[in-house]
Every structure is written in C-alpha cells, then in structure tokens.
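Everything numeric in this text was worked out from a predicted model, so none of it was measured. We count residues from 1, following the sequence as given.
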Amino acid sequence: MRLLRLLIENVSKRYKGSDVYALRDLTLDIGPGILGLLGPNGAGKSTLMRIIATITRPTHGAVLWDGADISEKPDEIRAVLGYLPQDFGVYPNLNADEFLRYMAAIKGVAPEAAKDRIDDLLAFVNLTEARKRPLGEYSGGMKQRIGIAQALLNDPRVLIVDEPTVGLDTEGRVRFRHLLAELAGDRVVILSTHIVSDVEAAANDIAIIDRGRLLVRSSPEELLQSVEGKVWDWVIPSAGLTDAKQSHLISSIVRRGDGLHTRVVAETSPADEARPSSSPTLEEAYLYSISSHRGAGDG
C-alpha cells in the first residue's frame, strides 16, 4: 500500500467578522504514525482538526491530501477519513449495533461489509458484550470507545481524534492510549490534546501550537533534550509559594516535612540552594516551549 501524506501549507483561519485568528500561517507535513498535537485550550487545535475534516475551510492556505487540495476536492479525504471530535455525541436510545449500522450507512459502507466490520470493531474496542445495551447507559470511557469504532468503520487512512481522554478516569485514559497505539502503522493518526501524558504514551512525533502558531515540531526525545539543564529541584517554605509562583515556572509541588519540594523550569537556577534535576519530563519540556515563545513575544 502506498504511503500517503497530509500537507498543511500556511493555513490561517480568521473568525468571521473580526480580525482575530484561530490559526496563523501554520505548516505541517504529516506522514504515517501518530502525531501528538499539543497546545493549551484555545490554541487552535480543534480549528485545525475541523479544517482537516473538511467541516470548515481555511481563510488562507491549503491542506493537501495525496496532492489534492481538500477544499476543492473534499471527497478525496472524506473517503479515507475517520474523525472523533471533541464533542462526540451518541443517540442514547440506540444500542452499539444500531448506532454503528447507522454510521456505516452514512459513510457509504455496504450493509454486508458493515456487519463483519462492526463485529470486528466491537471486539477491538472491547464492547462485544455491551453491544445490545443502549448507548445512554454507557460510561464516558465506553462512549469514547464507541466513538473510535465509528471513526474506524471505513478503515480510514487518516484518523483524527480531538481531546479524546477529557473526562475519562485514569484506567479509561490508559486503555484509550493503548487503543491508539495499536492503530498506528501505515495510517496518519493525529492526536490533538492538552494532556501531555496522552502524547507521551502514544506519539512518535510532536507538534506544539499556541495562539494559532506552530512553536515546535520534533520527536519526543528531541523535545526532552531541549529542556536538559533547565529543570531545578528547589525546596521552599510554604509561606514562599505565592512569590515563587509569580517569579518562576513551577511544574510540580510535593509537600514534605522540610518544606515544599518544587520543580522549576528556568534557564538559570532560581536560587543558590536549588539543584539541577537529572530527569526532566516531557510535560516540563512542553511548558518550557510555551513559556519561552510567549516570553519572546511570539503568538
């Protein structure tokens, strides 16, 4: 099977009737594998997902799939697209079988092929035993899994999942990450989230956006290297926490008998008694990327 690419070229999106941009001159070349699209809430991630899914059009720029502009030829990508939006909803009175048959019909999957496909997907997302239960009785994690199943009905080459683990408990988030990892291979998978641990567990490629702009594109390993020597362990008294938060980027706080054990992300030591950390985390690298670009006036 030929490996295709999704090319986002200088895409901008301006809110209608204003000069406010959700995206500005964003360029990404995305191949097979899992791209973790990281950014705070309001960064423009969902807008980009909606553009790729042909739900909305860019104000400027283009998205190309196999060389074709999806704004001009939306059917080219719709035929191979699976999409789980952030606000995915279900019909509560339908059971999983009924819902997936309905979605298969919308996607143009032949009824004969849909039956076997639905059986396989319900087994894949571990919902076979719950297939006759009304979706209104499903937990949040089960609804997310039925969402993934509907996104895979047409065996997509491009799979987009937008903030898929928001509202899930820890067990549900772990199960969902494993599910995504199994889907990689020759698919283009875009995982859009503000939860760094979701990306850390699944993605082989990371793009960080903030205020509509692309800040960083790298592997997880390269992102971690960018924060080497910039994370500090610092013990402070409880009374000093407010001042420390105002002056420094604190990534974690643990209360112990001798005070608050904080981790600070900074170019230089926050205090004489602070010591370099030997194990920066991907979340600290993400925080550093956001704060350093904002400090430089980007966005």
Side-chain angles (χ1 to χ4, degrees), residues 1-4 6 30-36 49 52-54 65-66 75-165 167-169 171-193 198 201-204:
M1 184 178 289
R2 185 162 61 99
L3 298 180
L4 303 180
L6 185 69
I30 308 171
I34 300 178
L35 172 71
M49 299 300 94
I52 296 171
T54 71
W65 171 249
D66 194 22
D75 290 343
E76 296 287 327
I77 194 167
R78 287 174 183 169
V80 296
L81 178 70
Y83 181 37
L84 176 58
Q86 184 176 352
D87 55 354
F88 173 72
V90 297
Y91 295 94
N93 295 324
L94 298 182
N95 63 36
D97 266 331
E98 293 165 338
F99 176 71
L100 291 177
R101 285 202 304 271
Y102 170 69
M103 294 302 297
I106 290 176
K107 292 171 182 279
V109 180
E112 321 81 63
K115 182 182 182 304
D116 291 339
R117 184 68 176 158
I118 289 169
D119 288 343
D120 291 343
L121 287 171
L122 286 173
F124 178 62
V125 297
N126 196 27
L127 286 174
T128 299
E129 293 184 3
R131 66 190 302 161
K132 296 301 182 182
R133 282 173 55 188
L135 298 182
E137 297 178 5
Y138 276 25
S139 68
M142 293 169 75
K143 289 177 181 176
Q144 288 295 74
R145 281 185 275 153
I146 206 69
I148 274 289
Q150 65 81 26
L152 294 173
L153 278 167
N154 59 335
D155 194 20
R157 301 293 305 279
V158 180
L159 177 63
I160 302 170
V161 288
D162 190 4
E163 299 284 4
T165 67
L168 299 187
D169 59 21
E171 182 181 355
R173 286 170 60 187
V174 170
R175 185 185 295 115
F176 195 89
R177 293 170 192 161
H178 290 166
L179 204 59
L180 276 188
E182 291 184 49
L183 294 173
D186 62 355
R187 301 181 203 267
V188 173
V189 181
I190 305 175
L191 166 59
S192 171
T193 182
D198 288 347
N204 57 288

side-chain contact (heavy atoms from CB on, under 4.5 Å) involving [X] - partner list, sequence neighbours excluded:
{"X": "A151", "value": "L159"}
{"X": "E112", "value": "A110"}
{"X": "A201", "value": "R177"}

Counterpart residues, side-chain hydrogen bond (donor to acceptor under 3.5 Å, both in side chains), relative to [X] (two or more places apart):
{"X": "E98", "answer": "none"}
{"X": "N154", "answer": "none"}
{"X": "R131", "answer": "D97, D119"}

4.5 Å side-chain heavy-atom contact, [X] and [Y]:
{"X": "L121", "Y": "Q150", "value": "no"}
{"X": "T193", "Y": "E163", "value": "yes"}
{"X": "L152", "Y": "I148", "value": "yes"}
{"X": "I118", "Y": "L153", "value": "yes"}

Do other residues, nucleotides or ligands put more than 12 heavy atoms under 6.0 Å from K143 NZ? yes
Should we count CD of E129 as having more than 12 external heavy atoms under 6.0 Å? no
What pairs with [X] under salt bridge (charged side-chain N to carboxylate O under 4.0 Å, His left out), at least two apart in sequence or on another chain?
{"X": "D155", "result": "R117, R187"}
{"X": "E76", "result": "none"}
{"X": "D75", "result": "R78"}

Once rounded to the nearest 0.5 Å, what's the spacing between atom CD1 of I190 and atom CD1 of I52?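 The distance works out to 4.0 Å.
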Using the test ring-ring contact (aromatic ring centres under 6.0 Å, His included), find all partners of Y91 that sit at least two apart in sequence or belong to another chain. Y102
Indicate the atoms forming the closest heavy-atom contact of A130 with Y138, along with that distance.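 Minimum heavy-atom separation between A130 and Y138: O-OH, 2.5 Å.
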